[in-house]
Amino acid sequence: MKEKEKLNHHSGDTLYKVFIYVVLILLAVSIIVPVLWVFMASIKQNSEFYGNPWALPLGFYWQNFVNAWTTAKMGDYMLNSVLVTALALAILLVVALPAAYCLSRFKFWGGKFLNTAFMAGLFINVNYIVVPIFLMLRDGDTFLKNTFGTSFLLNNLVVLAIVYAATALPFTIYLLSGYFATLAHDYEEAAYIDGAGYGRTMIKIIFPMAQPSIITIILFNFLSFWNEYIISMTLMSSATGAKTLPVGLLNLMQAQQSAAQYGTMYAGLVLVMLPTLILYICVQKKLIQGMTVGGLKG
């Protein structure tokens, strides 16, 4: 009887594993196939799109990328996205790392309120507050123009980067605080005994230990900033030469669809996807480690 139960249990586990593998394979195919199709379409000539859409390219038509980069100004838009994303990440790390460290390792007056405020920010969808942000910056520009004769809050890549960093603070501090809380206090006590101050201990001891978690939040926020569209479109509406890549890509898609230049349009899509794919490949191991090591230590 026991052997029969073990056999049934083993067969049930096997069926469950087969089901999981089938689901994972289907999910992988549903993601990989469209990505490969976009890469394949980006090197096709326009005449090839009027036949079988799944047919392999007849050759490598690199002119699509040249047209997307120069004629459609995707190169300028990519440079803007690189500047905004890098600046937003730098601001975010400078603010979030010390804030998360202090909130997770020290008890002070107002600490619980700050923790609650940052946690509440996790439940606010940034897309819902784009209009208030725009109105606030517009009123600020009006005040600056009336007072100093100039304005710079709207259509400014630096201000856009600051808004990106501010909207990403709740999630980043939440993730980093959870990781910092799992680290033993022995490391800090040993550093204090050796004469290190709070700042030096944080930078020299804690931050290197939290490297997997820091890489995780850098990747997540990089993807968020790089692909963000609504805030950029709203705050950079009048800056024709300072648009980011997603906004420029939409303009390219609208222009190329009406001109029937599908190859150039898909080449623009590849230019948007390629940096994120390269970054993910480079930090894949660190990303997985950062997402799991905190739970293992808890």
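Numbers here simply count residues along the sequence, with the first being 1.
In this structure, the side chain of Asn80 engages the main chain of Lys243 through a donor-acceptor pair within 3.5 Å. Side chain of Gln211 to main chain of Ile214: no donor-acceptor pair is present (N/O by atom type, distance under 3.5 Å, no hydrogens or angles). Side chain of Ser42 to main chain of Phe39: a donor-acceptor pair is present (N/O by atom type, distance under 3.5 Å, no hydrogens or angles). The backbone N or O of Ala191 sits nowhere less than 3.5 Å from a side-chain atom of Lys204 that would complete a donor-acceptor pair. Panel note: side chain Asn125, backbone Asn127; a donor-acceptor pair is recorded below 3.5 Å. Between the Arg138 side chain and the Leu154 main chain, no donor and acceptor come within less than 3.5 Å of each other. Formation of a donor-acceptor pair under 3.5 Å by the Asn64 side chain with backbone atoms of Lys44 is found in this model. Although no hydrogens or angles enter the test, the distance criterion places no donor-acceptor pair under 3.5 Å between the side chain of Asn227 and the main chain of Pro246. With Thr172 contributing its side chain and Leu169 its backbone, the two residues share no donor-acceptor pair below 3.5 Å. Under a 3.5 Å cut-off, the side chain of Thr70 and the backbone N or O of Val66 do form a donor-acceptor pair.
Residues Ile129 and Phe123 share a single hydrophobic cluster, defined by chaining ILVMFWY side chains whose heavy atoms lie under 4.5 Å apart. Under a hydrophobic clustering in which Ile, Leu, Val, Met, Phe, Trp and Tyr are joined whenever their side-chain heavy atoms come within less than 4.5 Å, directly or via other members, Tyr128 and Tyr164 fall into different clusters. The cluster map of Ile, Leu, Val, Met, Phe, Trp and Tyr, joined by side-chain heavy atoms under 4.5 Å apart, puts Ile278 and Leu36 in different clusters. Hydrophobic clustering of Ile, Leu, Val, Met, Phe, Trp and Tyr side chains at less than 4.5 Å, counting indirect connections, keeps Tyr16 apart from Leu26. Val272 and Leu79 are members of different hydrophobic clusters when ILVMFWY side chains are connected at heavy-atom separations under 4.5 Å.
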Check the pair Thr85 / Leu89 against side chain to side chain contact (heavy atoms under 4.5 Å, CB included), numbers first and verdict last. CA-CA 6 Å; Thr85 302; Leu89 285 175; 4.1 Å; yes
Take Ile218 and Leu93 through the test side chain to side chain contact (heavy atoms under 4.5 Å, CB included) and record every step on the way to the result. CA-CA 8 Å; Ile218 288 176; Leu93 291 177; 3.9 Å; yes
Determine whether Glu228 and Ile231 satisfy the following criterion, side chain to side chain contact (heavy atoms under 4.5 Å, CB included), listing intermediate values before the conclusion. CA-CA 7 Å; Glu228 201 285 321; Ile231 297 177; 3.3 Å; yes
May I have the step-by-step check of side chain to side chain contact (heavy atoms under 4.5 Å, CB included) for Thr276 and Phe222, ending in yes or no? CA-CA 8 Å; Thr276 58; Phe222 173 85; 3.9 Å; yes
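To the nearest 0.5 Å, atom CG of residue Leu160 and atom CD1 of residue Ile133 are 10.5 Å apart. For the atom pair CH2 (Trp226) and CE (Met273), the distance works out to 13.0 Å, reported to the nearest 0.5 Å. The CD1 atom of Ile203 sits 9.5 Å away from the OG1 atom of Thr201 when rounded to the nearest 0.5 Å. Atoms CZ and OG, on Phe225 and Ser81 in that order, are 12.5 Å from each other to the nearest 0.5 Å. One finds the CD1 atom of Ile217 at 5.0 Å from the CG atom of Leu176 (value rounded to the nearest 0.5 Å). We find the CG-CZ distance between Leu103 and Phe118 to be 6.5 Å, quoted to the nearest 0.5 Å.
Considering only residues two or more places apart in sequence or on other chains, Glu48 meets the salt bridge (charged side-chain N to carboxylate O under 4.0 Å, His left out) condition with none of them. In terms of the side chain to side chain contact (heavy atoms under 4.5 Å, CB included) criterion, Ala117 has no residue partners (sequence neighbours excluded). By the side chain to side chain donor-acceptor pair (under 3.5 Å) test, Tyr266 is found to be paired with no residue, residues two or more places apart in sequence or in another chain being considered.
Minimum heavy-atom separation, Pro275 to Met78: CG-CE, 4.4 Å. Heavy-atom minimum distance, Val158 versus Asn156: N-OD1, 2.9 Å. A pairwise comparison of heavy atoms in Gly121 and Pro170 identifies C-CB, 3.7 Å as the closest pair. Heavy-atom minimum distance, Leu175 versus Ser213: O-OG, 4.3 Å. Considering every non-hydrogen atom in both Pro98 and Met202, the closest pair reads CA-SD, 3.9 Å. Across Ala161 and Ala88, no two heavy atoms sit closer than the pair O-CB, 3.5 Å.
By the neighbour-count criterion of 12 heavy atoms within 6.0 Å, atom OH of Tyr192 is densely surrounded, having more than that number from other residues, nucleotides or ligands. Heavy-atom contacts from other residues, nucleotides or ligands closer than 6.0 Å to CZ of Phe49 number more than 12. Residue Phe106 qualifies as enclosed at atom CZ: its count of foreign heavy atoms under 6.0 Å is above 12.
Side-chain contact of Thr244 with Ser232: a donor-acceptor pair under 3.5 Å is present, judged by distance alone.
Centroid-to-centroid, the aromatic rings of Trp69 and Phe65 stay 6.0 Å apart or farther.
At least one side-chain heavy atom of Phe171 sits under 4.5 Å from a side-chain heavy atom of Leu122. The shortest side-chain heavy-atom distance between Ile206 and Glu188 falls under the 4.5 Å cut-off. Counting only heavy atoms from C-beta outward, the side chains of Met236 and Val247 never approach each other to under 4.5 Å.
Partner of Val159 under the side-chain contact (heavy atoms from CB on, under 4.5 Å) criterion, chosen from Asp141, Leu137, Leu235: Leu137.
Ring geometry for Phe207 versus Phe180: interplanar angle under 30°, hence parallel rather than tilted (30 to 60°).
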